[in-house]
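Residue numbers begin at 1 in each chain, while the letters A, B, ... track the order of the sequences.
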There are 2 protein chains.
Amino acid sequence: MSVTIRDIARRVGRSITTVSRALHDYDDVSPETKALVRQVAEEMGYIANKQALGLQKRRSDAIGLILPTFGPRFSDPFYSEFIAGVGKKASQFERDLVVSAYPPGEQEIQAYRQLVQSRRVDGFVIVRVRAVDERIDLLRQRGVPFVAFGRTRAAQDYPFVDEDGASGMRQVVDHLVALGHRKLAFIAPPENLNFTHLRLQGFHAACQAHGLEIRTEWLREGDLTQRGGFEQAQALLSLDDPPTAILAGNDLTAFGVMSAVQEHGLQVGKDISVTGFDDIPMAEHSHPPLTTVHQPIYTIGNMVCEMLIDLIDGRLNGMPQTVLDPQLIVRSSSGPPP
Amino acid sequence: MSVTIRDIARRVGRSITTVSRALHDYDDVSPETKALVRQVAEEMGYIANKQALGLQKRRSDAIGLILPTFGPRFSDPFYSEFIAGVGKKASQFERDLVVSAYPPGEQEIQAYRQLVQSRRVDGFVIVRVRAVDERIDLLRQRGVPFVAFGRTRAAQDYPFVDEDGASGMRQVVDHLVALGHRKLAFIAPPENLNFTHLRLQGFHAACQAHGLEIRTEWLREGDLTQRGGFEQAQALLSLDDPPTAILAGNDLTAFGVMSAVQEHGLQVGKDISVTGFDDIPMAEHSHPPLTTVHQPIYTIGNMVCEMLIDLIDGRLNGMPQTVLDPQLIVRSSSGPPP
DNA sequence: CTTGACAACCAAAACGTTTTGGTTTATTGT
DNA sequence: ACAATAAACCAAAACGTTTTGGTTGTCAAG
């Protein structure tokens, strides 16, 4: 059906070896032949069959990304931005991106195994790292190249990019304390996600540094969704002694918090301050605009992908690990306490 | 490195032909041999090399999805939900999903050509169909299987799933008119997207049916972003005779509109009504919750994917075309005019 | 005994590349 | 004139699978 190297060989009256070598610019092909081969290839619209190529070279020029989906539906703006970042960089390097979606579990692990063993992909980008992460164990054990976005709690001797969650939280606390707040509540991400640990740690450290009291009823666990933020905030607001600022584990949660606050007839940024974490594009346009910590997700996608490709191509000797310092973005959801 | 069919053959003392046929349950292999082969395959952790398989069978068992990204960043919750829907269904059929991201243009078209010619994918899911769409022309001309989410304005003799945008808009207008509104503004999606046409058409038809005046200054074009909604709404609100309801072309736009309204010191759902289109999960939790038209994106992803696989496998003779009737979800961003 | 049918197996070709290890022809140095 | 070198080319093997078109041995029927 489609044109192969053999068709070109026939047309130019050379062997397929010569055609292949001409196309790859080997120097045992005469300049005339090279030019001819290239012209004919162009004319015939030749594009190499990647499966044949992969079979011979024992690689696929593709990278894998399995989205951990929680629940039946999922709609996390984080993913689309991250995918775009990874995908863009991948295509710059002429790699394809193979995406699957599985909830964490046995099937998910099986999918990793399949994809690598069936030679579909050369390596993986791992996202939403768990506190103890089976995927990382599997890939490390098999020697499959991968780069993770995030760190596990335990062993960290693998390549990753991560943001310094502790620093991010510290910046938020510093900001609120500078405004005059002393009563801070924190709706943390779920315990089993690795970055929870870092953010909590930053929160605690900063509170301690400022000599703030941390009440256990002000420390709650959300689930990264708007609904979760809404519910936790309602609980916080009906306390006898409610906090003057609510720090959310991510922006979605913060939006939920703002809804709850407004439903209580309070004004965000005046009666009570709310902060997020991630700085998704929507944060700039919420009402009021959200004070949050900027995480350059698109850029992180780029970095992770590039590191992975370097790793696959053997351009990397050490174990690349990058920690980005996130930046506090102050908007009007935070203000001095009443 | 990894275990091949040849390794199994050696272990069980049969030819590779027999092993292959045993694994595929051909009936010229004795039950004993089949059992033995399967057991050994299991033990050795055999997983077929997809590249070799694809080379021989001339297919890849993968489907392609190229995201049209507008601008450098992009964060459209629509995509993550759609990808999850397509990806999930694909994995149920044991297909992989190859995702790329390109802005519309020459490079994008080239990517389609590459992916199909290099045998990376067996067919495509096309998303965000344009009013006149080069991608569809290319694939049709080459006889590559594809299913689109959306319809082009012109020829519609190809497989697609779409929602009935006209009906959706009609429901919105009916709802608002029932509440007592007579002055409706519409911030439409960009002109070059196909569904714009249908939604505008529905808007016009419904307005006419109710004998409403359609002023040109109330008819504006947005860009599907929050920022766009914000800007267009500001313009609408500063008119001498502003509308009492603003209909947005999608939810993101509606969020921008709500911000602008609130910034003008007006209350959404009381002083002015705002509606969206899509019903992204966030719509339920915005402040106030958004009246919008529900589009089951995840389900549409599923349908599109399944149709495509049927098409690839030749299980489909006709030309499947499905139009879904979307459903109006009334929340508190819409109410009677003051 | 043959013959035919059937069960169980297998060698070789094919898919489209790249790589290996050549061969042939022309050119150069002595 | 001859060997050595260089330039341009190529046949065959390999990657891991499925498919094609067999072969071999056994058994029942004639």
Exercise for review: Count the heavy atoms belonging to other residues, nucleotides or ligands that lie under 6.0 Å from NZ of A/Lys34, then report whether that count exceeds 12.
Suggested key: yes

Check your understanding: Under the side chain to side chain contact (heavy atoms under 4.5 Å, CB included) test, which residues partner A/Val323, sequence neighbours left out?
Key -> A/Arg151, A/Phe160, A/Asp164

Practice item. Using heavy atoms and a sub-4.0 Å distance, could you list which residues of residues 19-46 of chain B are near DNA chain C? By number, please. Key: B/Asp28, B/Ser30, B/Thr33

Review point. Nearest to the side chain of A/Arg58, which nucleotide is it out of C/dT18, D/dC15, D/dT17?
Key: D/dC15

Exercise for review: Please state how far atom CZ in A/Arg6 lies from atom C1' in D/dA12, giving the value in whole angstrom units.
Suggested key: 12 Å

Exercise for review: Give the rounded distance in Å between these two atoms: CG of B/Asp61 and P of D/dT17.
Suggested key: 15 Å

Check your understanding: Under 4.0 Å: is that the gap between some side-chain N or O of B/Lys57 and OP1 or OP2 of C/dA14?
Key -> no

Review point. Between atom CG in B/Asp7 and atom C1' in D/dT17, what is the gap in whole Å?
Key: 13 Å

Point to revise | Interatomic distance where CG belongs to A/Leu53 and P belongs to D/dC15 [whole Å] | key: 16 Å

Review point. Under 4.0 Å between a side-chain N/O of A/Arg14 and OP1 or OP2 of D/dC9, yes or no?
Key: yes

Practice item. Could you pull out all residues at least two apart from B/Arg58 that satisfy salt bridge (Lys or Arg N to Asp or Glu O under 4.0 Å)? Key: none

Practice item. Using modelled atom types only, decide if a donor and an acceptor are shared between the side chain of A/Asp122 and the backbone of A/Ile63 within a distance under 3.5 Å. Key: no

Exercise for review: Check the distance between C/dA14's P and B/Gln51's CD and give it to me in whole angstrom.
Suggested key: 22 Å

Point to revise | Which residue lies more 5' along DNA chain C, comparing B/Thr17 with A/Ile5 via nearest heavy atoms | key: B/Thr17

Exercise for review: Please identify each residue that fulfils salt bridge (Lys or Arg N to Asp or Glu O under 4.0 Å) with A/Lys50, with sequence neighbours left out.
Suggested key: none

Revision key, fill the gap. Residues at least two apart in sequence or cross-chain that pass side chain to side chain contact (heavy atoms under 4.5 Å, CB included) with B/Phe93, listed by chain then number, are B/Lys89, B/Arg95, B/Glu306, B/Ile309, B/Arg315

Point to revise | Contact under 4.0 Å: A/Thr18 side-chain N or O vs D/dC10 OP1/OP2 | key: yes

Check your understanding: What pairs with A/Arg135 under salt bridge (Lys or Arg N to Asp or Glu O under 4.0 Å), at least two apart in sequence or on another chain?
Key -> A/Glu108, A/Asp133

Check your understanding: What's the CZ-C1' distance between A/Arg119 and C/dT17, to the nearest Å?
Key -> 16 Å

**Study point:** Spacing between A/Gln56 atom CD and D/dT17 atom C1', to the nearest angstrom
**Key:** 15 Å

Review point. Could you state the CG-C1' distance from B/Leu55 to C/dC15, rounded to the nearest angstrom?
Key: 4 Å

